[in-house]
**Q** 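Would you mind keeping the following structure in view while I ask a few things?
Scope of the values below: all heavy atoms of this structure, side chains included, with no hydrogens, waters or symmetry mates. Residue numbering restarts at 1 for every chain, and letters A, B, ... go by the order of the sequence lines. Quick caveat, the model's predicted, so the values are computed rather than measured.
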Amino acid sequence: MTRMTLVQRLIYNFFSTRGRRMLKELIITMCADDHAVLTHVRLQRVVLRTEKYISELPFFYFMTFKATLYLINYALPPLSWKLKPFMWMPLERRLQYLEEWQSSSFYYKRTLFKMVQCVCVSHLYSERRLLISIGFEKSMQHRQQRSELPREQQ
Amino acid sequence: MIVDGDEVGNDIDEHFDAVVIGSGAGGAVVAKELAEGGMRVAIIEDGAYHKLSSHTDLPYEALGRLYRDKGFTTTLGKPAIPIPMGRALGGTTVINSGTCFRTPKSVLAHWNNDLDLKSLTEESFSAIFDRVEKEINVSEADFSVMSRANTIFHEILTKKGVAGHPLKRNIRGCEGCGFCCYGCPTGAKQSMDVSYLPKAFIHGAKAYVNCTFEQFIIENNRVTGIQANFHRYAGANNGHTLRIKAPRVIMAAGTFHTPQLLRDCGVAVENRNLGRNLTLHPATKVFARFDEEIRGWEGTPQAYYSEVLKDQGITLEGIFVPPDIAAMTVPFVGRRLNEFMREYKHMATFGFLISDSSSGRVMKLPLLGTTVLYNLNKADVEKFRKGVAYLARVFLEGGATKVYTLLHGYPEFSTLADVERLENGPLKAEDIDCMAFHPLGSCRMGSTAETGVVGDDFRVYGWEGLYICDGSVIPSPLGVNPQVTIMAFATRLAYQMLGKRLTQ
């Protein structure tokens, strides 16, 4: 179990709820603001859950995630350089910008983006209604039936 | 009996015949065998005990509850490789796919002949494998509960005249719900928490969960016990300690943590093998889109394998992940991600692991804590190229309309010409998006202190009363899933401690 120093705890507390709008815009862009996806998703819940997950990560990963979030939003050198922050870009420009991160020839840029993508997308696709909409209903029912059984039969 | 650190309200001081740190494939087995043999045994587990009914179908919940670092454990190097590790009573066996292989004969021969580990003979393991397989009910996966992703690969291989076989798994009445990696909800998978540990408890073993190992009690180069701290379920220290005196201390904290815990306690630090020689069995998969609905999530996700590339150090194994996990692994965002996920019911996947010649080291870094430095060498990169090209070729020849890979620069193939482009094109270690599930060898067994951290009696060189029994002692990569080998090593250690011999 990793013990946190007081300074680390303060940094956690300061950053854990910051960047929520960035996170939300990033998640929306990850699914291209597609109505067919977002209609099955309670976006605020996904954002809060993602934020909670990040805030419980070990300190190094937490800081790396937050730093990457800011790097993506403000397009800071040396990883990228854009005049307009990510949140102010129109959707098509955002998608193009994220693809630049994803397919970058610079390995570390790609890896940082992969980390952010993994966390955001896995929380988005944890929404039951979205999973059911892509045909995952049988397995969800299987689980639901089990959870309705009396404890001793589970 | 389970003592939960979340509920402990006072310091505890106890005496046992043996104390085991860790409750995974190594720790649980040695604890049960020793308890059954009449010893008083304590088990220390950092994670919590999770009842079957508490297992969830949602990845973020499972990652938070059952995985170390919330599933974020990753190596440093090229490429960065995520390594999912369990943190619960039962260790990684709670979240693995339940695949069981005996140690390959060629590997045993290598240990015996090349590494001079003369006691590790095929004959000496035969009765041990039988016992382990009986305990966890190892049986061949049934085609009737196999995921279609596995059976379609079987059909294509059969048409090509290539041999493949159902995997052996430690299951009892598997319904094929496909949630193995979130903790088996039905108890069908015979992970340690449902197989070995209950038997250990029947024979009087005591497990302290939510309890973090702190240090050894050392008297004149002899380890005579351990000290640990209880913590709350959420992770905060609850202020109470556990002190156990025992003449036998067995480290089974896993390949990542065992060497670092030893180093933190100043034990075996002079041994240059401590924390080194780490191998991972890096693995990747390809997705193949078929016109028919595959619905690969229905049925056992890992149930079929082929050794067609075995001589090249590649083992092909079936794998299918639920859509929520798949979404985070595919190299797409935006509309392409949406399209991929809508098509996911048409996707089959198959993967492979490589017997790696690269090696890494476990170390502690500021802010990061215990971590691993590991770089894939050129020979292993070539194995990835061959493995991905082979699978892509098999799927395209078998009727797939498209194949998606996790290699940078080669995201999708529609024709065999695309596969040739991979076969002849550039590929670097950092272009490979892979995972690893079998860290081994960081405290490897060796015939002398110059070649290993422990001898073939599992005792740490230069120390009395201290033994290691987890994946870290495996002397070289196996090329197959290691849980049965680890359990066999643990059984061997227990019988050695009891002064008994297991015969057929």
**Q** Do you know which of Asp324(B), Asp431(B), Thr74(B) has the most heavy-atom pairs under 4.5 Å to chain A?
**A** Asp324(B)
**Q** Find the one option among Glu61(B), Met341(B), Lys345(B), Arg336(B) whose heavy-atom pairs under 4.5 Å with chain A are most numerous.
**A** Met341(B)
**Q** Looking only at non-hydrogen atoms, find the nearest pair between Tyr107(A) and Gly77(B) and report the distance.
**A** OH-O, 3.4 Å
**Q** Val37(A) versus Arg342(B): any side-chain heavy-atom pair under 4.5 Å?
**A** yes
**Q** About how many Å separate CG of Leu38(A) and CG of Asn338(B), when rounded to the nearest 0.5 Å?
**A** 8.5 Å
**Q** Between Thr29(A) and chain B, with a heavy-atom cut-off of 4.5 Å, which part of the residue counts as in contact: side chain, backbone, both or neither?
**A** backbone
**Q** Does atom NZ (Lys109(A)) have a neighbourhood of more than 12 heavy atoms from anything else shown, all under 6.0 Å?
**A** yes
**Q** Among Gln117(A), Arg110(A), His123(A), Lys114(A), which has the most heavy-atom pairs under 4.5 Å with chain B?
**A** Arg110(A)
**Q** So, the side chain of Arg295(B) versus the backbone of Gly135(A): is there a donor-acceptor pair under 3.5 Å, distance only?
**A** yes
**Q** Heavy-atom cut-off 4.5 Å, strictly under: side chain, backbone, both or neither for Pro366(B) against chain A?
**A** neither
**Q** If you round to the nearest 0.5 Å, how far is CG of Leu131(A) from OH of Tyr344(B)?
**A** 11.0 Å
**Q** Run Glu92(A) and Arg335(B) through salt bridge (charged side-chain N to carboxylate O under 4.0 Å, His left out) and show every step you take.
**A** CA-CA 11 Å; Glu92(A) 290 308 318; Arg335(B) 293 189 187 98; 2.5 Å; yes
**Q** So does Glu339(B) have more than 12 non-hydrogen atoms from other groups sitting under 6.0 Å from CD?
**A** no
**Q** Let me confirm one number: the OG-CD1 distance from Ser126(A) to Ile325(B), rounded to the nearest 0.5 Å.
**A** 8.0 Å
**Q** For Lys78(B), is it the side chain, the backbone, both or neither that has a heavy atom under 4.5 Å from a heavy atom of chain A?
**A** both
**Q** Looking at every non-hydrogen atom in both residues, tell me the closest pair between Pro331(B) and Gln102(A) and how far apart they are.
**A** C-NE2, 3.0 Å
**Q** Give a yes or no on this: more than 12 heavy atoms of other residues, nucleotides or ligands lie within 6.0 Å of atom CZ of Arg45(A).
**A** yes
**Q** Under 4.5 Å from any heavy atom of chain A, what part of Thr371(B) do you find: side chain, backbone, both or neither?
**A** neither
**Q** Between Met328(B) and Ser122(A), which heavy-atom pair has the shortest distance, and what is it?
**A** SD-CB, 3.6 Å
**Q** Relative to the ring of Phe72(B), is the ring of Tyr53(A) parallel (under 30°), tilted (30 to 60°) or perpendicular (over 60°)?
**A** tilted
**Q** Please report the interatomic distance OH(Tyr125(A)) to CG(Leu337(B)), rounded to the nearest 0.5 Å.
**A** 5.0 Å
**Q** Is it the side chain or the backbone of Phe62(A) that comes within 4.5 Å of chain B heavy atoms, both, or neither?
**A** neither
**Q** With chain B as the partner, which of Leu57(A), Leu98(A), Thr50(A) has the greatest number of non-hydrogen pairs under 4.5 Å?
**A** Leu57(A)
**Q** What part of Leu63(B) gets within 4.5 angstrom of chain A, counting heavy atoms only: side chain, backbone, both, or neither?
**A** side chain
**Q** Less than 4.5 Å apart, side chain to side chain, heavy atoms only: is that true for Lys70(B) and Ile54(A)?
**A** no
**Q** Does any part of the side chain of Phe113(A), heavy atoms only, come nearer than 4.5 Å to the side chain of Val333(B), both counted from C-beta?
**A** yes
**Q** Under a 4.5 Å heavy-atom cutoff, which of Pro411(B), Pro323(B), Gly409(B) has the most pairs with chain A?
**A** Pro323(B)
**Q** If you tally heavy-atom pairs under 4.5 Å against chain B, which of Arg49(A), Arg94(A), Met30(A), Met115(A) wins?
**A** Arg49(A)
**Q** Please look at Leu124(A) and chain B and tell me whether the side chain, the backbone, both or neither of the residue comes under 4.5 angstrom of a heavy atom of that chain.
**A** neither
